[in-house]
Amino acid sequence: QVQLVESGGGVVQPGRSLRLSCAASGFSFRNYGMHWVRQAPGKGLEWVAALSSDGNNIFYADSVKGRFTISRDNFKNMLYLQMIGLRAEDSAVYYCAKDVGGGIRCPGFWGQGTLVTVSS
Amino acid sequence: QSALTQPASVSGSPGQSITISCTGTSSDVGGYNYVSWYQQHPGKAPKLIVYDVTERPSGVSNRFSGSKSGNTASLTISGLQAEDEADFFCASYTSSTTVIFGGGTKVTVL
(Lines give C-alpha, C1' and ligand atoms only; values in the text may rest on other atoms or scores of the structure.)
Protein backbone atom coordinates (compact mmCIF):
# COMPACT_ATOMS: atom_id res chain seq x y z
CA GLN A 1 0.00 0.00 0.00
CA VAL A 2 1.04 3.60 -0.51
CA GLN A 3 3.12 4.97 2.35
CA LEU A 4 4.70 8.36 2.91
CA VAL A 5 6.74 8.79 6.09
CA GLU A 6 8.06 12.24 6.97
CA SER A 7 10.98 12.84 9.31
CA GLY A 8 13.38 15.58 10.33
CA GLY A 9 11.06 17.87 12.26
CA GLY A 10 11.91 19.31 15.65
CA VAL A 11 12.53 22.50 17.59
CA VAL A 12 14.88 24.99 15.96
CA GLN A 13 15.86 28.56 16.72
CA PRO A 14 14.84 31.42 14.42
CA GLY A 15 17.28 31.88 11.57
CA ARG A 16 18.52 28.31 11.69
CA SER A 17 18.07 25.54 9.12
CA LEU A 18 16.31 22.20 8.99
CA ARG A 19 15.96 19.45 6.40
CA LEU A 20 12.81 17.40 6.16
CA SER A 21 12.68 14.01 4.46
CA CYS A 22 9.82 11.92 3.13
CA ALA A 23 10.28 8.21 2.42
CA ALA A 24 7.90 6.87 -0.22
CA SER A 25 6.87 3.28 -0.81
CA GLY A 26 4.06 1.23 -2.32
CA PHE A 27 3.92 3.11 -5.63
CA SER A 28 6.11 4.06 -8.56
CA PHE A 29 7.63 7.17 -7.00
CA ARG A 30 9.40 8.33 -10.17
CA ASN A 31 6.05 8.66 -11.98
CA TYR A 32 4.39 11.14 -9.64
CA GLY A 33 4.68 14.79 -8.79
CA MET A 34 5.20 15.50 -5.09
CA HIS A 35 4.16 18.30 -2.74
CA TRP A 36 4.95 19.73 0.68
CA VAL A 37 1.98 21.24 2.49
CA ARG A 38 2.04 22.68 6.01
CA GLN A 39 -0.51 23.35 8.72
CA ALA A 40 0.14 25.65 11.65
CA PRO A 41 -1.45 24.48 14.94
CA GLY A 42 -5.19 25.05 14.80
CA LYS A 43 -4.98 26.63 11.35
CA GLY A 44 -5.73 25.69 7.76
CA LEU A 45 -3.61 24.10 5.08
CA GLU A 46 -0.92 26.05 3.25
CA TRP A 47 0.72 24.69 0.13
CA VAL A 48 4.51 25.12 0.34
CA ALA A 49 6.20 23.64 -2.72
CA ALA A 50 5.96 20.97 -5.37
CA LEU A 51 8.02 19.35 -8.09
CA SER A 52 7.22 17.22 -11.11
CA SER A 53 7.97 13.54 -11.40
CA ASP A 54 11.33 14.14 -13.08
CA GLY A 55 12.21 17.01 -10.73
CA ASN A 56 12.67 19.46 -13.58
CA ASN A 57 9.66 21.64 -12.79
CA ILE A 58 9.72 23.18 -9.33
CA PHE A 59 7.37 25.70 -7.78
CA TYR A 60 7.17 27.49 -4.42
CA ALA A 61 4.70 29.53 -2.44
CA ASP A 62 5.74 33.17 -2.21
CA SER A 63 6.02 32.83 1.58
CA VAL A 64 8.96 30.41 1.29
CA LYS A 65 10.55 31.34 -2.03
CA GLY A 66 14.28 31.87 -1.63
CA ARG A 67 14.37 30.14 1.76
CA PHE A 68 13.07 26.62 1.07
CA THR A 69 14.32 24.13 -1.53
CA ILE A 70 12.38 21.06 -2.57
CA SER A 71 14.19 18.13 -4.17
CA ARG A 72 13.79 14.44 -4.81
CA ASP A 73 15.88 11.32 -5.35
CA ASN A 74 14.03 8.94 -7.64
CA PHE A 75 16.56 6.17 -6.99
CA LYS A 76 16.04 6.28 -3.22
CA ASN A 77 12.29 7.10 -3.42
CA MET A 78 12.88 10.14 -1.23
CA LEU A 79 11.49 13.68 -1.15
CA TYR A 80 13.25 16.49 0.70
CA LEU A 81 12.59 20.02 1.90
CA GLN A 82 15.61 22.08 2.86
CA MET A 83 14.58 25.06 4.97
CA ILE A 84 16.91 27.95 5.83
CA GLY A 85 16.32 31.24 7.61
CA LEU A 86 13.45 29.76 9.58
CA ARG A 87 10.92 32.10 11.14
CA ALA A 88 8.34 31.68 13.90
CA GLU A 89 5.61 31.69 11.25
CA ASP A 90 7.14 28.59 9.67
CA SER A 91 6.10 26.57 12.73
CA ALA A 92 3.69 23.90 11.51
CA VAL A 93 3.12 20.26 10.78
CA TYR A 94 4.70 19.58 7.40
CA TYR A 95 3.07 16.97 5.21
CA CYS A 96 4.46 15.42 2.08
CA ALA A 97 1.87 14.40 -0.47
CA LYS A 98 1.83 12.46 -3.71
CA ASP A 99 0.19 14.19 -6.64
CA VAL A 100 -2.63 12.44 -8.46
CA GLY A 101 -0.49 12.50 -11.60
CA GLY A 102 2.99 13.13 -12.94
CA GLY A 103 2.77 16.89 -12.87
CA ILE A 104 1.71 19.39 -10.25
CA ARG A 105 -2.06 19.39 -10.11
CA CYS A 106 -3.47 18.13 -6.83
CA PRO A 107 -1.98 16.65 -3.66
CA GLY A 108 -3.50 13.17 -3.42
CA PHE A 109 -2.24 10.77 -0.77
CA TRP A 110 -0.66 12.44 2.33
CA GLY A 111 1.82 11.28 4.92
CA GLN A 112 1.19 11.71 8.65
CA GLY A 113 3.37 14.80 8.91
CA THR A 114 6.33 16.02 10.93
CA LEU A 115 6.16 18.94 13.38
CA VAL A 116 8.51 21.88 13.01
CA THR A 117 8.65 24.41 15.83
CA VAL A 118 10.67 27.58 15.38
CA SER A 119 11.31 29.14 18.76
CA SER A 120 14.13 30.66 20.76
CA GLN B 1 -2.59 35.23 -3.47
CA SER B 2 -5.49 35.01 -1.02
CA ALA B 3 -6.92 31.71 0.12
CA LEU B 4 -10.07 30.37 -1.50
CA THR B 5 -13.20 31.37 0.42
CA GLN B 6 -15.12 28.72 2.34
CA PRO B 7 -17.80 29.10 5.02
CA ALA B 8 -16.33 28.63 8.48
CA SER B 9 -18.95 26.09 9.47
CA VAL B 10 -21.82 24.05 8.10
CA SER B 11 -24.10 21.75 10.04
CA GLY B 12 -26.80 19.23 9.34
CA SER B 13 -28.77 16.38 10.87
CA PRO B 14 -28.06 12.73 10.13
CA GLY B 15 -29.47 11.74 6.77
CA GLN B 16 -29.60 15.28 5.44
CA SER B 17 -27.53 16.72 2.61
CA ILE B 18 -25.21 19.66 3.04
CA THR B 19 -23.18 21.69 0.57
CA ILE B 20 -19.88 23.48 1.15
CA SER B 21 -18.90 26.26 -1.23
CA CYS B 22 -15.41 27.26 -2.31
CA THR B 23 -15.02 30.57 -4.12
CA GLY B 24 -11.94 31.66 -6.00
CA THR B 25 -11.16 33.59 -9.15
CA SER B 26 -10.72 33.02 -12.86
CA SER B 27 -7.01 32.43 -12.12
CA ASP B 28 -7.71 29.34 -10.06
CA VAL B 29 -11.13 27.71 -9.53
CA GLY B 30 -12.73 29.29 -12.60
CA GLY B 31 -9.79 28.73 -14.90
CA TYR B 32 -9.07 25.04 -14.43
CA ASN B 33 -10.92 21.81 -13.72
CA TYR B 34 -8.38 20.99 -11.03
CA VAL B 35 -10.40 21.57 -7.87
CA SER B 36 -9.97 19.07 -5.07
CA TRP B 37 -11.55 18.49 -1.66
CA TYR B 38 -10.04 17.05 1.52
CA GLN B 39 -11.52 15.71 4.74
CA GLN B 40 -9.48 16.04 7.93
CA HIS B 41 -10.41 14.50 11.25
CA PRO B 42 -8.76 15.92 14.39
CA GLY B 43 -5.12 14.91 14.72
CA LYS B 44 -5.13 13.13 11.37
CA ALA B 45 -3.68 13.88 7.95
CA PRO B 46 -6.00 15.26 5.27
CA LYS B 47 -7.65 12.68 3.01
CA LEU B 48 -8.47 13.38 -0.63
CA ILE B 49 -12.17 12.82 -1.31
CA VAL B 50 -12.70 14.62 -4.65
CA TYR B 51 -10.26 15.71 -7.37
CA ASP B 52 -10.58 17.24 -10.82
CA VAL B 53 -13.86 18.85 -9.65
CA THR B 54 -15.98 15.69 -9.77
CA GLU B 55 -13.74 12.62 -9.55
CA ARG B 56 -13.66 10.40 -6.45
CA PRO B 57 -10.59 8.33 -5.55
CA SER B 58 -11.11 4.62 -5.20
CA GLY B 59 -12.68 3.75 -1.85
CA VAL B 60 -14.30 7.14 -1.22
CA SER B 61 -18.02 7.01 -0.53
CA ASN B 62 -20.33 8.13 -3.34
CA ARG B 63 -22.09 10.27 -0.72
CA PHE B 64 -19.41 12.86 -1.51
CA SER B 65 -19.83 14.70 -4.81
CA GLY B 66 -18.21 17.74 -6.34
CA SER B 67 -19.28 20.34 -8.85
CA LYS B 68 -18.26 23.73 -10.18
CA SER B 69 -19.95 26.78 -11.64
CA GLY B 70 -17.85 29.72 -12.70
CA ASN B 71 -15.43 30.68 -9.93
CA THR B 72 -17.23 28.64 -7.26
CA ALA B 73 -16.81 24.95 -6.56
CA SER B 74 -19.04 22.95 -4.25
CA LEU B 75 -18.85 19.74 -2.24
CA THR B 76 -22.13 18.01 -1.40
CA ILE B 77 -22.35 15.40 1.32
CA SER B 78 -25.55 13.41 1.07
CA GLY B 79 -26.97 11.11 3.71
CA LEU B 80 -24.95 12.87 6.41
CA GLN B 81 -23.44 10.50 8.98
CA ALA B 82 -21.83 11.06 12.36
CA GLU B 83 -18.45 9.99 10.94
CA ASP B 84 -18.61 12.87 8.45
CA GLU B 85 -17.99 15.37 11.24
CA ALA B 86 -14.60 16.85 10.34
CA ASP B 87 -12.85 19.79 8.72
CA PHE B 88 -13.12 20.05 4.95
CA PHE B 89 -10.72 21.97 2.72
CA CYS B 90 -10.93 22.80 -0.96
CA ALA B 91 -7.91 23.41 -3.17
CA SER B 92 -7.26 24.53 -6.72
CA TYR B 93 -4.45 24.61 -9.21
CA THR B 94 -3.59 28.20 -10.15
CA SER B 95 -2.30 30.11 -13.15
CA SER B 96 1.00 30.53 -11.30
CA THR B 97 1.46 26.74 -11.34
CA THR B 98 0.89 26.57 -7.62
CA VAL B 99 -1.85 25.14 -5.44
CA ILE B 100 -4.08 27.28 -3.24
CA PHE B 101 -6.25 26.03 -0.38
CA GLY B 102 -9.46 27.29 1.12
CA GLY B 103 -9.59 28.34 4.74
CA GLY B 104 -11.52 25.23 5.74
CA THR B 105 -15.07 24.41 6.82
CA LYS B 106 -15.99 22.66 10.03
CA VAL B 107 -18.86 20.25 9.44
CA THR B 108 -20.98 19.44 12.48
CA VAL B 109 -23.49 16.62 12.55
CA LEU B 110 -26.29 17.66 14.87
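Chain identifiers are assigned alphabetically (A, B, ...) following the order of the sequence lines, protein sequences preceding nucleic acid strands; residue numbering begins at 1 within each chain.
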Under 4.5 Å between side-chain heavy atoms, hopping through other hydrophobics if needed: is there a path connecting [X] to [Y]?
| X | Y | answer |
| --- | --- | --- |
| B:Val29 | B:Val99 | no |
| B:Phe64 | B:Val109 | yes |
| A:Phe59 | A:Tyr32 | no |
| A:Leu45 | B:Val10 | no |
| B:Val53 | B:Tyr93 | no |

Qualifying salt bridge (charged side-chain N to carboxylate O under 4.0 Å, His left out) pairs with a residue from residues 66-84 of chain B, counting only residues at least two apart or across chains |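 Pairs touching residues 66-84 of chain B that pass the test: B:Arg63-B:Asp84.
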
Give, as side chain, backbone, both or neither, the part of A:Val48 having an atom under 4.5 angstrom from any heavy atom of chain B.
->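 For A:Val48, no heavy atom lies under 4.5 Å from chain B.
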
Greater than 12 external heavy atoms within 6.0 Å of B:Tyr34's OH =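 No, OH of B:Tyr34 has 12 or fewer neighbouring heavy atoms, counting only those of other groups under 6.0 Å.
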
Taking only heavy atoms into account, what residues of residues 11-24 of chain A are found under 4.5 Å from chain B?
->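 The stretch does not come within 4.5 Å of chain B.
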
Do any of residues 82-110 of chain A have a heavy atom less than 4.5 Å from a heavy atom of chain B, and if so, which, in residue order?
->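 From residues 82-110 of chain A, the residues near chain B are A:Tyr95, A:Val100, A:Ile104, A:Arg105, A:Cys106, A:Pro107, A:Gly108, A:Trp110.
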
Set of side-chain contact (heavy atoms from CB on, under 4.5 Å) partners for A:Tyr60, sequence neighbours left out |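 With sequence neighbours excluded, A:Tyr60 shows a side-chain contact (heavy atoms from CB on, under 4.5 Å) to A:Ala49, A:Ile58, A:Val64, A:Lys65, A:Thr69, A:Ile70, given in chain and number order.
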
Closest heavy-atom pair and its distance - B:Thr97, A:Trp47 =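 Distance-wise, the nearest heavy atoms are O-CH2, 4.4 Å.
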
State, to 0.1 Å, how close A:Gln39 and B:Phe89 come at their nearest heavy-atom pair, and which atoms those are.
->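 That would be NE2-CZ, 4.0 Å.
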
Toward chain A, the part of [X] with a non-hydrogen atom under 4.5 Å:
| X | result |
| --- | --- |
| B:Asp87 | neither |
| B:Tyr32 | neither |
| B:Glu55 | neither |

Check whether any side-chain heavy atom of B:Phe101 sits under 4.5 Å from a side-chain heavy atom of A:Val37, and report yes or no.
->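 The answer is yes, as the side chains (C-beta and beyond) meet within the 4.5 Å cut-off.
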
Between chain A and each of B:Lys44, B:Lys47, B:Gln40, count heavy-atom pairs under 4.5 Å; write down the option with the most.
->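 Heavy-atom pairs under 4.5 Å are most numerous for B:Gln40.
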
